[in-house]
Structure formats: C-alpha cells, structure tokens
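Values below: every heavy atom of this structure, side chains too, minus hydrogens, waters and symmetry copies. Throughout, numbering of the chain's residues begins at 1 and tracks the sequence. Keep in mind that this is a model prediction, so the values were computed, not measured.
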Amino acid sequence: MRTTRSVPARPALIVTLALATAGSLLLAPGAAGADPKPVTREGSAVDDRAAQAPASATRRALTADVAARTTTRAYPRRQMLSPGPENPGDKSVKLGLTPYHAIAPKLNALQRLGDRVSVEVTGRSAGGHRLYLVTVTAPETTRQARAQERMRELIGNAPAAAAVSRDIKRDYKTPVFVNSNIHGNEWEGTDASLKVIEQLATAKDARTRDLLAHSRLYFNVTANPDGRIAGTRANANGFDLNRDFVTASQPETRAMRQIELDKQPAVLLDLHGYVNGTLIEPTTPPHGENYEYDLFLKNTYANALGMESAVNALGYTPAKDGVEAAQIPFRDQEEGWDDWPPIFTPQYAAFHGTVAAHTVEIPLAVNNEEYDELPVPELRRRSAVNTAVAGAAIRATLDHVREHRGTLITDQIEVFRRGATGAAQVPVSPETVPGVPGIGPEDVYTTVFPRAYVIPPGDARTRRPGPAAARLVDHLLANDVRVTRAARPFRLAGRTYPRGSYVVDMHQPKRGMANVLLADGRDISGNVSVMYDISGWSLGSLWGATVERVPSGSLRGAPLRAISEAAPVAHVPAHGDLRLRLTDPREVAALNSLLRQGVPVRRAADGSAIVPGAARRAARTAARDHDVAFTATRQTGTAPLSRLRVAAAVTPGELFALREMGFAVTPVSTAVLNAGFDWSGTDALFVSAGLDHAALSASARRALDTFLDGHGLVGRGATGAALNAAAGRLAVKPVEGNADANGVVRVRNSGGITRDAPGHGFVYAPLWFTDRGPGVRVEQSYATGNPLVSGHWRPLPGGTGGPAAAAGQASVVSGGQTVLFGTEPLFRDHPKGEFPQVARALFTVAHSASVEESG
C-alpha cells in the first residue's frame, strides 16, 4: 500500500473487462464532465469481433521495410512532399482536426518557415500511407551532424568512455521523441505536435534558442495514419500498434523501432486519449523487471510533475469544462495501469535508453460512441481542449529537457554502462530514488540476468540453424541486441556447444532488451489483482527455437564472432525426393507456395510434406524465398495435399498469421454469412470470433450446416467451442477459465496436430475440454502441477477457473473433421512456434475423413 501521497488518494484503478474500448467517459451527449473514471482495459478481454482486413494490407506488412537510414548530413534536411488527394471521409474532419491529406502540405509550409524544421518519410503504413518524421533543431553543418552521430554511438556502444567524455557533456544534443496518434482514433496528439512545431520554427526567445541549440526534437506526426483516416484504434491490418513492439509485425511499429535505434531518445512522450483527468505516467505496479527502474522512475516522475502542473495551469475545471485535474498513477493509484510488458511504446523505449518515458492520456473522449452521438460543436470543443492539454504536456517536457539535459544523458549512459559491465540493478527505495513519494516494497521488481543465452543450431549434422533459430536471431539483431556465432565447438559452464551456435553475451549495453525477449518471465499472479494487458510473452519459449539460459561462466577465449544477420537456412539436396518439416510458419508458407504452383505434394505419416525430386527447381525457389531447408527422403507420403481455401471468422492477429503462412483466406462473420456467402470455394472453416450460430438467419444457418456436413472445422476459444456444440461435432465440454488470465504455459503434446510442437503455449482467457465422448482425441494437455510459467492467472472468486483447475486437462482436442483449441496459438502474431499447430489442423480436417489419420 502507498503510504505517501502529495494529493488526496484516488480510487484504485480497476480493469473493467466488459468494456469494449478503453478510457471512454461514456458521457451523455452534451455532458462534458463527470466523475473521473478508472482506467479500463483497452478492448475486451476476449476479442469477439471477426477481422476483415484486406489481403493487400497483410502483404504490405510482410514485405514492406522501413526507409533506409539516411547518410549523416546537415540540418535542415528539407524534403518537399507531394500532396495526397483530398479525402472528405477522413474522420478527423468532423472533429475540426487536421485530416491526413492536409499533413503533407502543412509540413511543407513548416519547412519554409526557417532553418529549424526537417521532414523525412520513414516508411508506409499497412494501408499504404506515408509515415512522417519531423526533426526540429538548430541548424547543423555536415561536420556537426557527424559529430552528433559519433557521440550518440559512443553513448550506446561504449558507455564507460561516454561517461567521461567532455564533448558529450558540452556538445551532445539531447534527443527527444514525441509519438502521436499510435491509436488512430485518439487524434489530438498530432494537432498538438503540429502547433508546437510551428511555434518552435519561428520563436525568437532565448529559451527556445537554447533548447534547439542543445536538443534534437523528433515528432512522429501520426504513427497510425490508417486509423486516423478511418477513425479506428488499429491500423489497416486490425493491429493495435501499441501492443506490437515485442514482435514488430507491422510496418508502422518497425518504423517507430527504427526511430528508437537511430535517434536513441532520452525522453519520450506517447500521446493518447481518453482518461479524465489526464493520466500521466509513471504507472502503478508491477514495473518491468528488466530495465533500470530506479533511473526510469526518477526521471519519469520528475517530468510528470512538470506536465501535471502545465496541464492544470490551463485553467480547465470540472464545473466549467468537464475536465478533471491531472493524475499520476504511481502517486495517486494502487494498481491496474502497470508498465510490466514491453508491448507499450514507453516500456519498449526504456530498453533503448529512454529514461523519461510517458504515456499521456488526454481527458475528453471524442471517439467511439461519443464520435457518433455527440453534436459536432461539442466534439470540436472537446478536441480543442484535448489539443491544448497535449500541447501543454509537450511544452512542459521540452522545458524539463532544457533544464535537466545533463542529468538525462548521464542517466542514459548509466543504463548502458550497467548492461555492458554486468552490474546489478538498483532496487527502488526512498533512498535510491529520493523525491518520489510512496515508494514501497510493492514497487520493487528486479531480475538476475544470466551470463549468456545460447541458441544451438537446429541440425546437428549440417550445423545449420532451423528457421526458428534464424528468425529469432534476426529479430534480436533488429532490436539492437548483440549476437555472436561460434566458429567451432566451445565449452561454457561445463557444457559443450556445437559450431554454429548463437551466443547472446549478456554483458552488453542492451541486456534488458535481450532478457525481456528471451527470458521465461515471471508468474506475477500473487503480486497484483488485475493487469492492464498481457503479462507473459517469452520469445525464448514460444518461437520454436531452442534457447538455453546459462546462469554463469566465462566467455573469455570462446571462438565467437559478431554477426549482423543469421546464417542462411535455405537448403535443397541435389538428389532424391524431398522432405519438408512443418514445424515452423516459414515451412508452412513454403509448402503453400509449392501448392499454389500445382506441385504434387504428399503428406507423410509424421506430418511432414514430401515433394518429388522432379519439383527440385520449385523447391529451391521456395527454400530461398522462405529460408527453409529440405532434406532428402525415401518416404513417398500417404495422401496428396492440395492448396486450402479457408473461410475464417477470427481475430486480426489470427487472420494475419494465416496469411503469413500462405493460406488463401476469406474473412467471414455472422454479418457476412447473413448477407449470403458462397461456400463452394471453401475447403475448411476456422472460427474464433464474430460468428454466432444462433444469430444466423435461417438460410445462412442451413448453408453453414450443409457446408459443415462434409467439411472440416477448426475452432479456437469459447466462440469456436460454441459453434462446435451448435453443429453437433465433437462431444466435449468446454470449460472457461478466468477470462482475465494470460501468459506462457507448460503443455504436453500427445497427437499428430501437435507433433514436434514446443513444450510451451500461450493462453488468453484459457479454455480446456472435459467429458470427452467416443472418438475424441487429446492432442495437447496443460501440464500437471501449476502449468503457468509466466503471466497472470488467478482463480475466480469461487476458486474455479485457475491454473490448478486446468492442470492436466485437455487444451487441444480432435475427432472426425474437427480440431478445437483452448490455447491461443496465433495470438497477435506472437507465439510463432505454435502457428504450425493451426496449419496442421487445417490440412488435417480438410484432407482427412478422420483426424485420427494425422497421428
């Protein structure tokens, strides 16, 4: 419990699972204010809406990359932008805000105001819209810009030298990153940023000149143009970009990641809405255990005080404007708005050396129900208030940077120094973080970093890594984690590792990033009663690669060479028929590419795919395109495989994952089926969201039932289980666990669908199956004991629904032409090692009279 508060205590934050959207005030039309609302989960616990993202958005996300890093050159770096077509349907227009099509002309005008503003395009969104980064700083010659780059690299790569560098202390410009509109229907951060940029471009006062002489200010003007235009939280693929930083599956996220890497900001603002009063990070417990929280809390809290003062100084009141006083959750709340997972922008930034990072939730809701129901004058009044609040937060932050730039850079260097030297973390306390009220034992989260992680090669004979290992290594490198590769066998901590093994030395500046991605994580169920979002995410456990934690030992003398990319996996034997394992999504994608070309592929008894030697040229192309390895085989296969056409009523993440694996997918939903759906081109149905059998019209229900009479069904979660029951398929009883539970779990794989699958799975609102009838096969079960490895999974108030109740129960079952999942094998493009389970399930139900053949 907090014992020190500088303002009267507010109610504890409460996660409200029933709400479909976060932070909404739910005010009646025209009513501007109400009692301050608790922070609520941004989206319901279970996503029950069927995704409808276009295939073009998926292709763009899978193929598009961020803009190439520009050669160091002078500032300003003017780039005149071609204007896009005017779009009267842009949802910003109704609010009196800047529509996306007006941003490029505005940025052109800002560049013409003087020599302080530069614009670059960092990439394109999933919907194809340009992403703009604005830099505001005093002019720099090419020589000065190169000097800034050298100092930035010294801080990130040689922090001990940076700590004593006189040049850095005297000349380094503090990098500040303002990120706006990552949620598309939280608009006003963009407009506030444009106003601040304009003020900075022309201001002549000494404070502004001093700020720009000693800082570089980076504004990501709209992180989510797709959502800004459409008035949606997500991008064109249906992804919440503020949940995507672990995997960076979307081009917008990769662009933000590249800004973090290239600019190395010491300070970050991520502008959101809507919580009344304005919510300013730092947050409630639990706090991320992998970053240097003492430095983060010290700087983030100090800047929060300045933002709070600036927002309150605007003079808005509950009675006059419907605006409550700003709040700082660390000080004012008990729990419910945590900074535990690295999926949020500020939490991810902390691993790149950002020591003051804030989500700022501006106050007055103008999205969702409010957007549709409130009169335009009231919406525009609210938007004007929100823009002013966001602007005040930005300006207060810039004041803080001007006054404390030395401390901010010193602490950023210290973050990297601790990582490079393997220094212990410093637990927060009133002594280690003086001036922050209410620090207690509930705020202390630290971890013990291992000496190294080793990722062995996937094939003991060829020493080639499998696709899972290569993907994981490339992902670590993309996140600026240093990885080495063994040139010959070596010993570490009493064990011999083969040549080709990848080693992550945890004595590196960004050890926190390495550990947050690779470690198992922690079961925090007993620490807090509620969590804001996911609580477990281990790529080391869920991506399908073997990742070994080495607690101690010495790497001195080990034959390790630094790498910039994983070794290629692609391989096709010169002779014989070919075998392709289907244990990785890249292998599934390679198979689907062959099937699209009409290559005759057969399924082997072990679930792999057999490709005739006559198709070697096509196999070589598939191996190269998807970076997978074929092996020679004498197996002939048991049954032919054909390209599947899948109808899918699924979440955005699942739709994206299916397309990533190369399946031809047609999104469906209750509404789509009721409008009349032609089932003749469909081989299998996958259902997890947005399809309610009881809500179908009589004709739509008959058509669906007729389809299911002869075709396969894959179901996930409660929605999939409900359709299974309505259609009279598998005789099982689905048991729903705590809907708020999520995390990494231990599982036991026992069937063909889960053959060679990882021993870990991911759950969110977990489900299991009991009372199994004849012919129902258990493909996978939750482990006995406590299956939860990391995350947050508590029993329900009556004692049911917890991990003890799930232990040993079936998590995946099959029978006939049906497979049901109680886990989340495709969650947010996240647990990639589980993706092939769904692929195998689809191939099995579509190609077999009985899934018993799969085993």
Side-chain angles (χ1 to χ4, degrees), residues 51 53-63 237-239 247 249-250 466-468 470-472 475 542-545 569-570 580-597 599 601 603 607-609 611 619 621-623 625-630 641-667 682-688 712 714 716 753-758 761-762 812 819 821 823-847 854:
S56 60
T58 307
R59 286 193 299 270
R60 192 172 288 109
L62 293 174
T63 58
N237 272 318
F239 269 65
T247 54
S249 68
Q250 301 301 299
R471 178 180 52 248
L472 180 57
H475 190 69
L542 296 174
W543 269 31
V569 175
L580 178 65
R581 299 177 67 200
L582 300 180
T583 57
D584 186 88
R586 289 184 181 177
E587 293 165 337
V588 177
L591 168 61
N592 277 323
S593 72
L594 295 173
L595 295 176
R596 280 197 302 274
Q597 300 171 62
V599 173
V601 182
R603 181 174 56 183
S608 60
V611 179
T621 300
D625 290 348
H626 300 283
D627 200 27
V628 298
F630 292 79
L641 293 172
S642 60
R643 189 186 184 205
L644 297 189
R645 298 159 297 178
V646 180
V650 294
T651 65
E654 290 170 325
L655 179 60
F656 188 84
L658 291 172
R659 288 172 170 163
E660 183 179 350
M661 290 189 288
F663 287 103
V665 186
T666 301
T682 303
D683 299 303
L685 173 64
F686 182 20
V687 173
S688 68
V714 176
R716 198 271 303 159
I753 301 295
T754 59
R755 184 190 298 270
D756 298 325
F762 187 81
V812 183
V819 177
F821 288 87
T823 58
E824 284 265 10
L826 304 181
F827 182 81
R828 293 182 186 167
D829 199 49
H830 179 73
K832 288 186 180 291
E834 296 183 67
F835 284 17
Q837 298 175 36
V838 174
R840 288 188 178 209
L842 288 168
F843 279 118
T844 299
V845 301
H847 289 105
S854 72

What residues, two or more places apart in sequence or in another chain, satisfy ring pair (Phe, Tyr, Trp, His ring centres under 6.0 Å) together with Phe827?
-> Phe762, Tyr764
Who pairs with Ala61 by side-chain contact (heavy atoms from CB on, under 4.5 Å), at least two apart in sequence or on another chain?
-> Asn237, Gln250, Pro251, Phe656
Between Leu644 and His847, which heavy-atom pair has the shortest distance, and what is it?
-> CD2-CE1, 3.4 Å
Over all atoms of both residues, closest heavy-atom pair of Pro758 and Gly544 | CG-CA, 4.1 Å
How many angstroms lie between OG1 in Thr247 and CG in Leu542, if you round to the nearest 0.5 Å?
-> 11.5 Å
Are Val646 and Leu842 side-chain neighbours, meaning at least one heavy-atom pair lies under 4.5 Å?
-> yes
Test Val687 against Val650 for side-chain contact (heavy atoms from CB on, under 4.5 Å), laying out the working first.
-> CA-CA 6 Å; Val687 173; Val650 294; over 6 Å; no
Sequence-distant partners of Phe686, ring pair (Phe, Tyr, Trp, His ring centres under 6.0 Å), two or more places apart | none
Does Pro825 have any side-chain contact (heavy atoms from CB on, under 4.5 Å) partners at least two apart in sequence or in another chain, and if so, which?
-> Arg716, Phe821, Thr823, Glu834, Val838
d(Arg755 CZ, Ser608 OG) to nearest 0.5 Å is 9.0 Å
Please collect all salt bridge (charged side-chain N to carboxylate O under 4.0 Å, His left out) contacts where either partner lies in residues 586-597, sequence neighbours excluded, each pair once.
-> Arg586-Asp627
Salt bridge (charged side-chain N to carboxylate O under 4.0 Å, His left out) partners of Arg60, counting only residues at least two apart | none
Any idea which heavy atoms bring Phe239 and Gly653 closest together, and the distance?
-> CZ-CA, 3.8 Å
Taking it one step at a time, do Lys832 and Phe835 satisfy side-chain contact (heavy atoms from CB on, under 4.5 Å)?
-> CA-CA 5 Å; Lys832 288 186 180 291; Phe835 284 17; 4.0 Å; yes
Can you list the residues that meet the salt bridge (charged side-chain N to carboxylate O under 4.0 Å, His left out) rule with Asp756, with sequence neighbours excluded?
-> Arg581
Considering all heavy atoms of both residues, which atom of Pro836 and which atom of Pro585 are nearest to each other, and what is their separation?
-> CG-N, 3.9 Å
For Ala590, the side-chain contact (heavy atoms from CB on, under 4.5 Å) test, sequence neighbours excluded, returns Leu580, Ala622, His626, Val628
Excluding sequence neighbours, so at least two apart, what forms salt bridge (charged side-chain N to carboxylate O under 4.0 Å, His left out) with Arg645?
-> Asp683
Apply side-chain contact (heavy atoms from CB on, under 4.5 Å) to Val601 and Leu591, showing your working.
-> CA-CA 8 Å; Val601 182; Leu591 168 61; 3.7 Å; yes
Straight-line distance of Thr754 OG1 to Gln837 CD, nearest 0.5 Å | 6.0 Å
Check side-chain contact (heavy atoms from CB on, under 4.5 Å) between Ala468 and all other residues, then give those that pass, not counting sequence neighbours.
-> Arg471, Ala545, Asp584
Given Val611 and Val599, is the side-chain contact (heavy atoms from CB on, under 4.5 Å) satisfied, shown in steps?
-> CA-CA 8 Å; Val611 179; Val599 173; 4.1 Å; yes
Could you pull out all residues at least two apart from Arg659 that satisfy salt bridge (charged side-chain N to carboxylate O under 4.0 Å, His left out)?
-> none
Separation between CD (Glu660) and CG (Asn592), nearest 0.5 Å, reads 12.0 Å
Point-to-point distance, once rounded to the nearest 0.5 Å, from CG of Leu655 to CG of Leu826 | 10.5 Å
Who pairs with His475 by ring pair (Phe, Tyr, Trp, His ring centres under 6.0 Å), at least two apart in sequence or on another chain?
-> Trp543
With no hydrogens and no angle check, do the side chains of Glu654 and Ser688 hold a donor and an acceptor under 3.5 Å apart?
-> yes
